[in-house]
Amino acid sequence: MEQSKVRSYIGFCLRARKITLGSSAIGTLNGGVYLLILDCKAKKNSLRYALKYKNRFSCPLVICNDDFEDIVKKPLCRLVAIRDKNLADAILKSGDKCYELYTEGGE
């Protein structure tokens, strides 16, 4: 079974410690967030936090339709922040069908 590029890029972020897991941890960051990834199974409250952080950090938000908890290796995690610009750009340009850019505004 071939692993998707995005899964590999998130793995690189995990190994390089360039990813922040969970909305509470993301809320403590002061900047340096280049991409937010939200699990498609996230509830309305998590989406609200994701949109808040999207505006706060002026970065794109991507919705993950893959097995998110397995990818980030943390149970019940629904939101992550990528803090490496090159890896964030690579994820956005990957064209993976399991990851779609959130384009709707407002809540």
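- Salt-bridge formation is not detected for the pair Lys41/Glu69: no Lys NZ or Arg NE/NH1/NH2 atom is positioned less than 4.0 Å from an Asp or Glu carboxylate oxygen.
- The hydrophobic cluster containing Ile91 also contains Leu14, counting ILVMFWY residues as joined when their side-chain heavy atoms lie under 4.5 angstrom apart, directly or transitively.
- The heavy-atom pair separating Asp70 from Arg7 by the smallest distance is OD2-NH1, 3.0 Å.
- In the hydrophobic clustering of ILVMFWY residues, with side-chain heavy atoms under 4.5 Å counting as a link, Tyr34 and Leu87 come out apart.
- Using a distance-only test at 3.5 Å, with no hydrogens or angles considered, no donor-acceptor pair links the side chain of Arg83 to the main chain of Val33.
- Tyr53 and Leu92 are assigned to two separate hydrophobic clusters, defined by single-linkage of ILVMFWY side chains at heavy-atom distances under 4.5 Å.
- Note: Tyr9 and Phe12 have tilted aromatic rings, judged against thresholds of 30 and 60 degrees for the angle between ring planes.
- Note on Asp39 versus Arg78: salt bridge recorded, some NZ/NE/NH1/NH2 to OD/OE distance being below 4.0 Å.
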(message) Would Asp66 and Lys97 count as a side-chain contact (heavy atoms from CB on, under 4.5 Å) here? Give the steps.
(response) CA-CA 9 Å; Asp66 207 349; Lys97 292 179 179 18; over 6 Å; no
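- Between Asp96 and Lys5 there is no salt bridge, since no side-chain nitrogen of the basic residue lies less than 4.0 Å from a carboxylate oxygen of the acidic one.
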(request) Would you sort out whether Lys54 and Leu51 count as a side-chain contact (heavy atoms from CB on, under 4.5 Å), showing the intermediate values? (result) CA-CA 5 Å; Lys54 177 185 184 301; Leu51 292 173; 4.3 Å; yes
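- When atom types are taken as modelled, the side chain of Arg56 and the backbone of Asn30 share no donor-acceptor pair closer than 3.5 angstrom.
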(request) Could you walk me through whether Val80 and Thr20 pass the side-chain contact (heavy atoms from CB on, under 4.5 Å) test, one step at a time? (result) CA-CA 6 Å; Val80 299; Thr20 302; over 6 Å; no
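- Under the 4.5 Å side-chain heavy-atom criterion for Ile, Leu, Val, Met, Phe, Trp and Tyr, Leu35 and Tyr99 are members of the same hydrophobic cluster.
- A pairwise comparison of heavy atoms in Ile10 and Ile37 identifies CD1-CD1, 3.9 Å as the closest pair.
- Put simply, CD1 on Ile19 and NZ on Lys73 are 10.0 Å apart, with the number rounded to the nearest 0.5 Å.
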(message) Could you go through Cys64 and Leu38, starting from their C-alpha distance and side-chain angles, then the distance that decides it, and tell me whether this counts as side-chain contact (heavy atoms from CB on, under 4.5 Å)?
(response) CA-CA 6 Å; Cys64 172; Leu38 180 69; over 6 Å; no
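- The minimum heavy-atom distance linking Cys77 with Gly22 is given by the pair SG-N, 3.9 Å.
- Salt-bridge formation is detected for the pair Lys85/Asp89: a Lys NZ or Arg NE/NH1/NH2 atom is positioned less than 4.0 Å from an Asp or Glu carboxylate oxygen.
- Hydrophobic clustering keeps Val62 apart from Leu79 (ILVMFWY residues linked when any side-chain heavy atoms are closer than 4.5 Å, directly or through intermediates).
- Atom-to-atom distance recorded for Tyr49:OH and Lys44:NZ is 14.5 Å, nearest 0.5 angstrom.
- Here the side chains of Leu36 and Ile26 are in contact, with some heavy-atom distance below 4.5 Å.
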